[in-house]
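Accompanying notes for the structure given below.
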Protein chains: 2
Amino acid sequence: MEKRMIHLDETDLAILELLQEDARITNVALANQLKMAPSAMLERVRKLEEKGVVKGYSAAIDPLAVNRELLVFIFIKTKDSFANDKSARALAAIPQVMEVHHIAGDDCYLVKARLSGPMELMEMKRSKFSKIPNIISMRTTIVLETVKESSHISIEK
Amino acid sequence: MEKRMIHLDETDLAILELLQEDARITNVALANQLKMAPSAMLERVRKLEEKGVVKGYSAAIDPLAVNRELLVFIFIKTKDSFANDKSARALAAIPQVMEVHHIAGDDCYLVKARLSGPMELMEMKRSKFSKIPNIISMRTTIVLETVKESSHISIEK
DNA sequence: TGTGAAAGGCGTACAGC
DNA sequence: GCTGTACGCCTTTCACA
């Protein structure tokens, strides 16, 4: 199931840039900035959504304001075979887990999670991670300070 | 300069949840779902923005569609003192670098970056990282597959 | 903080190019 | 794929509870 190659022109890339900067920009403002009619802009944005180029729109929340001050990265070794991603899916299902990456090298998975504090981290390991049978070992790295955290993908070319 | 504690009620948390799920939801739809008048909803959202609880709104873009298929994590040791975050700011200024975290343990910084491929990774190291004088060493971990990648912060309590 | 009404602007569909 | 028009709904403000 190969993903069909998608061609994006300069206008599409400019739209993506503006939508990344402010997802709540109005269609008219978008059209004005790129000197197009609103109806044409609407059609382009719709197509970008349909093709899956735009996967969604999200508000960025200050973690401090919602009591999610502790950010951790956890390296997890499993005895999953290559064809089996059961552990990965179990990890991804945990609400506090924001990212699960299969990485090259010794460690199998890299998990990024946001929690209220150390107590919730222990609780998560006890009640969730311990139920995932294929996990062999874990190494947890605690973030002391976040200098930059953005989901903005730099676009060019 | 202590950050003033912010109190968020149930309605605020519900708003944040809905805005994280779809930042382009209309104010009226938001008001209907939480059974409020649109004008009252508008005021609440404004205040959440002003207080910095909502830091912004962003579109999630498929990295594949914009030629940013390679995701890497780089562990960087520096000889920065605790009071000096010059290296961190230099790293954060690189467009392909999405995250810079100061982490506990041996490594000083954890950097997350998105690139078109290995060539751009080498190019970034050569032209950007090598110009940051305090860097002592780097260890790069390549992501083979991303199972989950979300900026959605799980809210409760 | 909340509601409701009023005005202007925006989203959206559609016809035509 | 883009433009322009037209209608209905949404955003926003303001007076008031």
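Labels below follow one simple rule: chain letters A, B, ... track the order of the sequence lines, proteins then strands, and each chain is numbered from 1.
- Note on R114(B) versus E149(B): salt bridge recorded, some NZ/NE/NH1/NH2 to OD/OE distance being below 4.0 Å.
- A salt bridge is absent between R24(B) and E49(A); no separation between the charged side-chain nitrogens and carboxylate oxygens falls under 4.0 Å.
- For H101(B) and Y109(B), the ring centers sit 6.0 Å or farther from each other.
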Go ahead and write out DNA chain C as dot-bracket, 5' to 3': ( ) for pairs within the strand, [ ] for ones crossing earlier pairs, | when the partner sits on another strand, dots for unpaired; Watson-Crick or G-U wobble, both distances under 3.5 Å. |.|||||||||||||||
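- A 4.5 Å side-chain heavy-atom check between L8(B) and L16(B) finds at least one atom pair inside the cut-off.
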Under 3.5 Å, which donor-acceptor pairs do the side chains of residues 29-40 of chain B form with other protein atoms, sequence neighbours left out?
none

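- Taking a heavy-atom distance under 4.0 Å as the criterion, the stretch of DNA chain D touched by chain A extends 5' to 3' from dG1(D) to dG4(D).
- Counting non-hydrogen atoms of neighbouring residues, nucleotides and ligands closer than 6.0 angstrom, the CD atom of E69(B) reaches no more than 12 such neighbours.
- For N134(A) (side chain) and S87(A) (main-chain N/O), no donor-acceptor pair under 3.5 Å exists by modelled atom type.
- By the salt bridge (Lys or Arg N to Asp or Glu O under 4.0 Å) test, R44(B) is found to be paired with D9(B), D12(B), residues two or more places apart in sequence or in another chain being considered.
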Taking only nitrogen or oxygen atoms into account, show me every contact under 3.5 Å that the protein makes with nucleotides 2-4 of chain C, one pair per line with its distance.
| unit_1 | atom_1 | unit_2 | atom_2 | d |
| --- | --- | --- | --- | --- |
| dG2(C) | OP1 | R44(B) | NE | 3.2 |
| dG2(C) | OP1 | R44(B) | NH2 | 2.8 |
| dG2(C) | OP2 | R44(B) | NE | 3.2 |
| dT3(C) | OP2 | A37(B) | N | 3.0 |
| dG4(C) | O6 | S39(B) | OG | 2.8 |

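- A continuous path of hydrophobic side-chain contacts links L121(A) to V100(A) [ILVMFWY only; heavy atoms under 4.5 Å].
- Between the CG atom in L13(B) and the CG atom in L18(B) there is a gap of 11.0 Å [rounded to 0.5 Å].
- A distance of 11.5 Å separates NZ of K79(B) from SG of C108(B), quoted to the nearest 0.5 Å.
- Between I132(B) atom CD1 and I94(B) atom CD1 the span is 5.0 Å, to the nearest 0.5 Å.
- Using a 4.0 Å cutoff on non-hydrogen atoms, no part of residues 22-34 of chain A comes near DNA chain D.
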